[in-house]
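We count ligands from 1, going down the list as the structure has it; atoms in each ligand are counted the same way.
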Amino acid sequence: LPSSLKKISDTLWELPVSYKPGMLVPARIVATEKLVREMDAGVFDQVTNVACLPGIINYAYCMPDGHWGYGFPIGGVAAMDPQHGVISPGGIGFDINCGMRLVLTNLTLEEVKPHIHRLVDALFYRVPSGVGCTGFVKCSQTEFRDILEQGSRWCLKNGYAWPLDLEMTEEEGCFPGADASKVSHKAIERGYDQVGTLGSGNHYCEIQVAKPENIIDESLARAFGLTMPNQIAIMFHCGSRGFGHQVATDYLQLFLSVMERKYGLKKLDRELSCAPFQSPEGQDYFAAMKCAVNMAFANRQVILHRIREVFSSIFHKSPEDLGMNMVYDVAHNTAKIEKHVINGKKRDVLIHRKGSTRAFGPGMEGLPDCYRETGQPVIIGGSMETGSYLLAGMESGAETFFSTAHGSGRTMSRHQAKKLGKGQKLQRDMEERGIYVRTDSWGGLAEEAGAAYKDIDEVVEATELAGLSKRVARLLPIGNIKG
Ligand code: 5GP
Ligand code: MN
Ligand code: MN
């Protein structure tokens with residue numbers, strides 16, 4: 001551990017501004033001692049680079065699932081002054097609006113288990129996955145521009161959404177201010193046939209069970225729709241695919257060319273390129289990034305439509321009769337303007353969350369009525385072997401601008417993880433343990449072994465001890481489509 005790392009509390013660690021020249025604020029890591037000790041050196045280096053970005057407010061943060069990323073650590077959170085601060089694509093990530101969606105059913109484990117192979121196989125064929133896969137929504141490039149500006153609203157108009165789905169999505173599935181004219185032709189070309197695709201790597205669609213012994217907060221679980229023993233839910237994770245990647249790539253390049261020359265911004269790390277938020281380049285990126293955010297919301301929405309069709313055909317009931325309502329959809333790679341209390345005063349900040357989930361507490365503006373008193377559902381993936389969590393935002397989340405973890409976070413590189421064993425063997429082992437997984441890539445599967453990730457129980461416990469998000473239920477996998 002860096003010698004100047006100071007323990008603030010059992011779950012909060014600080015690197016002072018003296019750690020590195022140029023730091024404008026201290027850097028803070030939310031983690032237990034065990035988790036902070038397991039973090040790679042990249043985290044300390046990167047979170048303190050973030051602390052050098054002009055306009056940063058209070059602290060640069062890293063969440064307990066933090067690990068090395070591009071520019072920012074994954075798990076990085078930074079709030080900027082929207083007048084005098086910068087926006088940095090590295091603080092959002094290449095997979096803009098990568099996020100998690102949780103959907104309920106009124107089916108139980110006993111009812112689903114006999115059909116699990118057919119169910120997972122059908123999902124595998126109906127929800128395209130893998131590198132470069134194309135989606136089932138056939139839209140022209142002109143229509144794609146509408147998707148970019150309207151997000152889930154486009155899906156509602158085109159029969160892919162229930163009105164309630166939008167309410168149960170962060171920002172109702174559309175960041176206002178998206179402008180498709182700020183997006184390159186190349187990005188449109190890469191993206192317009194990818195609406196309705198999971199993608200590859202750690203993107204997944206998982207069938208999960210909420211066992212009675214894994215309900216941690218009964219009353220919150222009930223409020224979030226987990227009302228029956230061994231209830232089946234579906235959690236899926238994907239983002240803006242090649243489209244978001246191209247938007248990020250385009251603007252990283254543009255920022256690199258103007259940051260020093262035009263704006264006199266110091267380049268600490270090429271990966272941390274940025275532009276003043278109020279500059280034309282900064283505003284253009286913001287409007288283009290919102291297009292990718294909306295594309296990802298639409299992507300998850302049409303995938304939900306497909307999942308409902310599959311369940312409906314296998315269980316011979318309508319999705320409505322199967323109670324296939326959304327718990328919530330929440331992003332973990334975004335930048336947005338939010339109101340937060342800074343030095344006792346409520347004001348707008350530009351908040352970057354990269355591998356970090358918004359976790360609004362009870363009573364906060366921007367939550368649907370049904371979650372006003374409970375706080376926002378927070379959806380955190382663990383791994384395909386170990387399980388995942390549903391949590392709730394807490395009133396005490398102000399320290400991190402109401403942000404929390406987004407996963408367990410990797411401890412091993414993909415390369416190291418591959419050495420754990422072959423994908424085919426892993427699939428057979430998992431099947432013996434009651435998890436049926438389908439994938440396009442055996443190599444990819446091997447890289448996703450549970451052992452390649454931190455212990456999800458420790459990560460979520462740390463978020464709860466730190467007062468960021470409270471555990472509601474632990475969800476166990478029984479089926480998985482891995483991208
Ligand atoms: P990201 O790609 O957004 O950084 O990672 C998302 C998180 O999801 C990872 O940190 C990991 O904890 C979790 N995760 C990855 N693959 C799976 C999976 O197949 N199932 C579940 N439940 N979680 C996963
Ligand atoms: Mn992603
Ligand atoms: Mn993600």
Side-chain angles (χ1 to χ4, degrees), residues 35 62-70 72-76 92-102 120 123 129 131 194 197-210 233-245 248 292-293 295-296 299-300 329-334 353-357 378-390 404-414 417 423 426-427 430 435-439 441 444-460 463 473-483:
L35 286 169
C62 183
M63 298 295 117
D65 52 337
H67 54 104
W68 180 91
Y70 186 94
F72 274 54
I74 310 235
I92 292 142
F94 281 98
D95 191 7
I96 297 167
N97 189 8
C98 192
M100 302 266 183
R101 186 174 283 217
L102 186 66
V120 171
L123 286 168
S129 59
V131 189
Q194 291 191 321
T197 60
L198 215 47
S200 62
N202 51 6
H203 299 131
Y204 61 86
C205 173
E206 195 167 273
I207 301 173
Q208 304 177 334
V209 56
I234 306 108
M235 178 185 288
F236 60 102
H237 170 228
C238 60
S240 51
R241 308 280 290 108
F243 176 74
H245 197 281
V293 166
M295 188 274 187
N299 190 25
R300 292 197 287 275
D329 176 306
V330 65
H332 52 237
N333 282 358
T334 63
R353 293 192 182 95
K354 194 259 197 76
S356 166
T357 312
V378 169
I379 306 159
I380 298 188
S383 80
M384 62 181 182
E385 292 190 80
T386 51
S388 302
Y389 277 87
L390 175 62
T404 188
H406 83 306
S408 41
R410 293 192 83 88
T411 50
M412 272 182 213
S413 70
R414 294 187 165 275
L426 181 58
Q427 190 212 28
M430 285 176 65
I435 310 165
Y436 177 53
V437 54
R438 287 290 310 259
T439 181
S441 159
L445 192 71
E447 295 170 1
E448 289 295 319
Y453 287 99
K454 296 184 205 192
D455 184 338
I456 186 63
D457 297 322
E458 285 174 14
V459 170
V460 293
T463 73
R474 187 173 203 276
L475 302 163
L476 298 178
I478 60 164
N480 189 322
I481 290 101
K482 273 306 259 194

T357 side chain near M63 side chain, heavy-atom distance below 4.5 Å: no
Interatomic distance, CZ@R300 vs CG@D329, rounded to 0.5 Å, equals 4.0 Å
Is there a donor-acceptor contact under 3.5 Å from the side chain of D65 to the main chain of A405? no
Return the closest protein heavy atom for atom 8 (O) of ligand 1 as residue, atom name and distance. M100 CE, 3.7 Å
Please test L390 against M235 for side chain to side chain contact (heavy atoms under 4.5 Å, CB included), starting from the C-alpha separation and ending with a verdict. CA-CA 10 Å; L390 175 62; M235 178 185 288; over 6 Å; no
So does G199 get a backbone contact from the side chain of T197, meaning a donor-acceptor N/O pair under 3.5 Å? no
Shortest protein heavy-atom distance from atom 7 (C) of ligand 1, along with the residue and atom involved: G407 CA, 3.9 Å
Find all atoms of ligand 1 within a distance of less than 4.0 Å from any non-hydrogen atom belonging to G381, and give their numbers and elements. 12 (O), 13 (C), 23 (N)
Among non-hydrogen protein atoms, atom 19 (O) of ligand 1 lies closest to K482 NZ, 2.8 Å
Quick one: does any side-chain atom of T386 pair with a main-chain N or O of G450 as donor and acceptor, under 3.5 Å? no
Taking 4.0 angstrom as the limit and counting only heavy atoms of E448, give me the atoms of ligand 1 inside it, by number and element. 15 (C), 16 (N)
Any side-chain heavy-atom pair of F236 and H203 under 4.5 Å: no
I'd like to check V437 versus K482 (side-chain heavy atoms, cut-off strictly below 4.5 Å). Are they in contact? yes
Please tell me if the side chains of Q427 and Y436 come closer than 4.5 Å, counting only heavy atoms from C-beta onward. yes
Return yes when S383 approaches ligand 1 closer than 4.0 angstrom through a heavy atom, no otherwise. yes
If you have a sec, work out which protein heavy atom is nearest atom 24 (C) of ligand 1 and how many Å separate them, to one decimal? Y204 CE2, 3.2 Å
Location of contacts on R410 toward ligand 1, heavy atoms closer than 4.0 Å: neither
What protein heavy atom is closest to atom 11 (C) of ligand 1, reported as residue, atom name and distance in Å? G382 O, 3.1 Å
Ring centre gap for H237 and H332 strictly below 6.0 Å: yes
Sequence-distant partners of E447, side chain to side chain contact (heavy atoms under 4.5 Å, CB included), two or more places apart: R410, R414, K418
Does some non-hydrogen atom of N480 fall short of 4.0 Å from ligand 1? yes
Pick one of side chain, backbone, both or neither for how M235 approaches ligand 1, counting any non-hydrogen atom pair under 4.0 Å. neither
Nearest-contact summary for atom 1 (P) of ligand 1 - protein heavy atom, Å: H406 NE2, 3.2 Å
Nearest 0.5 angstrom please: N299 CG to R101 CZ, how far? 9.5 Å
Enumerate the atoms of ligand 1 whose separation from the nearest heavy atom of G409 is less than 4.0 angstrom. 10 (O), 12 (O)
Take the Mn ion (ligand 2) as the centre and count protein N, O or S atoms at distances under 2.8 Å. 3
With a 4.5 Å cut-off on side-chain heavy atoms, are H406 and I379 touching? no
Would you check if V330 and V378 make a side-chain contact, meaning some heavy-atom pair closer than 4.5 Å? no
Note the single closest protein heavy atom to atom 15 (C) of ligand 1, along with its residue, its atom name and the distance in Å. Y453 OH, 3.5 Å
Minimum-distance protein heavy atom relative to atom 2 (O) of ligand 1: N202 ND2, 2.5 Å
Heavy-atom pairs closer than 4.0 Å: do any link ligand 1 to the side chain of H332, the backbone, both, or neither? side chain
